[in-house]
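Here's the structure, in structure tokens; my notes come after.
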Amino acid sequence: MPFWSCHPCFDLPTAVCLLLTLSVPAVAGAAQKRGSEFPDPGESESEPEFTIKVPVNVVPVNVTVTDKSGRFVTDLTADDFKLFEDGKPQRIQSFEIESSQPLASPEPVDPGGAAAAETGTLQPLQSFEGEPGKLISFFVDDLTERSVKFFGWVISALQEFMEEEMGPRDQVGVFSASGSVRIAFTGDRELLRDRIDDLDAGKLNLLRPLRTMSDVRAIRIVEGDLKGRVSDTTEFEAWRQYNEVQASIHRLLASLRQHLRYLQHFRGSKSLVLLSEGFVPARPMRWRVDRMVDQALRSRVTLNAVDIKGLDTAPLSTDIAFGDFPLERLAEDTGGIFYRASNDLAAGFRQIRDAQSLRKAPTWTVPNRRWSSV
């Protein structure tokens, strides 16, 4: 059943804050009470309700449209819809059609996707001479980064990949975890180059959690061996940083999981490339990383990760060591590639694309997960 996905962008002076009631435990935005008990991965599968406040800039709105005979209408555009919140019109940031079945079209489908990208209409991957098309989704983590300096490397590497490495049958899209960047899938190199040339760090999320200590130290003070062994001021700062950083990780994983559900509507070989500096999940957040693997397997998507720090000559810190672990697990458990310790990010993109040509579809096997203790 096809449905339209509208992503309105709320142009307000400050971020909109919605009160959400989730059916899964969360440790993000709300302030945590001292001494709270959190579930570990592998504990009871029960998911008690938990109420948090989450800042929202982009809200997906799914709409199904039928005619008077009950047939699905599939030729609509964003101009055919108007969206209001509390009586105030809102701008529709992106507009796509999603379907688990191929959509009938009175005209031949353009696999290159030039027209589709202009209108925001998504088509299932087509076959070329019996060979399934390849879908490559670049997903930029602009929520958990410690520094914005790496975004320039990412943009340059994407430009190089589109110019020199993108295959003639590839369809590529670029998205950001914050929702501020959404370049629809297309095989049109020129269109992709134009969109990426127009992409700069200013279009990515620039808000960073204030860090006065390493994330690992904050976790150790809040829930580890340093709990109760530091000054009240240090403990207060640790709690503040812990809540802000874990809220960012929660938003990243929620956005990534939503994107995986979005990709399940496409056929063919699907690969997601997570571009991240790495992040350090606290104990209550680790089971969400494991759920991400399950979602990728259900969506038949191979997760790959590229460490955008490149070749870091600085001494190995605990944050770097633990921050790489989730990226490695996401890639390893879905049969993907974890590319790191190289300044040539475009070479990593090429390696991932080449491996996608040889890779079989992900299996349904649930991996044996092992988390190191912070």
Side-chain angles (χ1 to χ4, degrees), residues 5 7 20 22-29 41 52 54-60 94 96 98 122 135-145 150-151 154 158 172-185 204-205 207 209 245-266 270-282 284-308 323-339 349 352 362 367 369 371:
S5 179
H7 293 206
L20 305 178
L22 307 181
S23 60
V24 296
V27 297
I52 63 173
V54 181
V56 176
N57 295 319
V58 178
V59 179
S94 63
E96 295 130 4
E98 302 179 4
L122 299 180
L135 190 79
I136 305 175
S137 178
F138 290 100
F139 194 88
V140 182
D141 171 14
D142 59 343
L143 293 176
T144 71
E145 301 305 295
F150 302 116
F151 289 149
V154 170
L158 288 173
V172 176
V174 182
F175 309 84
S176 69
S178 66
S180 58
V181 174
R182 192 175 180 88
I183 301 177
F185 290 107
L204 296 165
N205 177 61
L207 299 178
V245 170
Q246 297 306 312
S248 297
I249 296 174
H250 177 273
R251 290 181 62 200
L252 166 66
L253 297 179
S255 179
L256 186 58
R257 191 164 179 233
Q258 176 69 25
H259 191 64
L260 286 170
R261 287 197 293 263
Y262 163 71
L263 293 179
Q264 72 185 3
H265 300 295
F266 291 87
K270 299 174 288 188
S271 184
L272 187 151
V273 184
L274 174 60
L275 307 172
S276 176
E277 187 183 344
F279 52 92
V280 184
M285 200 63 61
R286 296 172 191 168
W287 69 276
R288 293 183 179 277
V289 178
D290 294 336
R291 284 188 63 183
M292 202 64 55
V293 172
D294 298 336
Q295 181 66 52
L297 295 177
R298 286 194 296 269
S299 301
R300 294 292 193 267
V301 177
T302 301
L303 281 174
N304 304 274
V306 174
D307 185 347
I308 64 175
D324 284 347
F325 186 72
L327 303 182
E328 182 177 9
R329 297 301 293 178
L330 288 172
E332 177 184 322
D333 289 353
T334 61
I337 291 173
F338 178 34
Y339 186 82
F349 300 165
I352 290 170
R369 308 178 181 97
W371 283 98

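Heads up: numbering here begins at 1 and tracks the sequence. Predicted, not measured: the structure shown is a model, and the values here were computed from it.
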What is the distance from atom NZ of Lys270 to atom CZ of Arg300, rounded to the nearest 0.5 Å?
->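 One finds 8.5 Å between NZ of Lys270 and CZ of Arg300.
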Contact between [X] and [Y] at the side-chain level, heavy atoms closer than 4.5 Å - yes or no?
| X | Y | answer |
| --- | --- | --- |
| Leu275 | Phe349 | yes |
| Asp141 | Leu256 | no |
| Phe185 | Ser137 | yes |
| Glu145 | Phe151 | yes |
| Leu274 | Leu303 | no |
| Leu263 | Leu135 | yes |
| Leu260 | Leu272 | yes |
| Val280 | Phe325 | no |

For Phe338, what residues pass the ring-ring contact (aromatic ring centres under 6.0 Å, His included) criterion, not counting sequence neighbours?
->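 Checked Phe338 against ring-ring contact (aromatic ring centres under 6.0 Å, His included); zero matches.
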What residues, two or more places apart in sequence or in another chain, satisfy ring-ring contact (aromatic ring centres under 6.0 Å, His included) together with Phe139?
->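 Here the qualifying residues are His259.
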Could you point out which residue of [options] forms a side-chain contact (heavy atoms from CB on, under 4.5 Å) with [X]?
| X | options | answer |
| --- | --- | --- |
| Met292 | Leu297, Leu252, Leu330 | Leu330 |
| Phe279 | Leu143, Val245, Leu253 | Leu253 |
| Val273 | Ile136, Val174, Ile337 | Ile136 |
| Phe138 | Ile183, Val154, Val181, Val172 | Val172 |

Please report the shortest heavy-atom distance between [X] and [Y], naming the atom on each side.
| X | Y | result |
| --- | --- | --- |
| Thr334 | Thr302 | O-CG2, 3.7 Å |
| Ser271 | Asn304 | OG-ND2, 2.6 Å |
| Gly323 | Pro326 | O-CD, 3.3 Å |

Test side chain to side chain donor-acceptor pair (under 3.5 Å) applied to Gln295 - qualifying residues, sequence neighbours left out =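 Arg298, Ser299.
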Side chain of Glu277, backbone of Thr144: donor and acceptor closer than 3.5 Å?
->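 No.
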Donor-acceptor pair, side chain of Ser255 and main chain of Arg251, under 3.5 angstrom =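 No, the answer is negative, given that no donor and acceptor are paired below the 3.5 Å cut-off.
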Partners passing salt bridge (charged side-chain N to carboxylate O under 4.0 Å, His left out) against Asp307 (at least two apart in sequence or in another chain) =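 Asp307: salt bridge (charged side-chain N to carboxylate O under 4.0 Å, His left out) contacts with Lys309.
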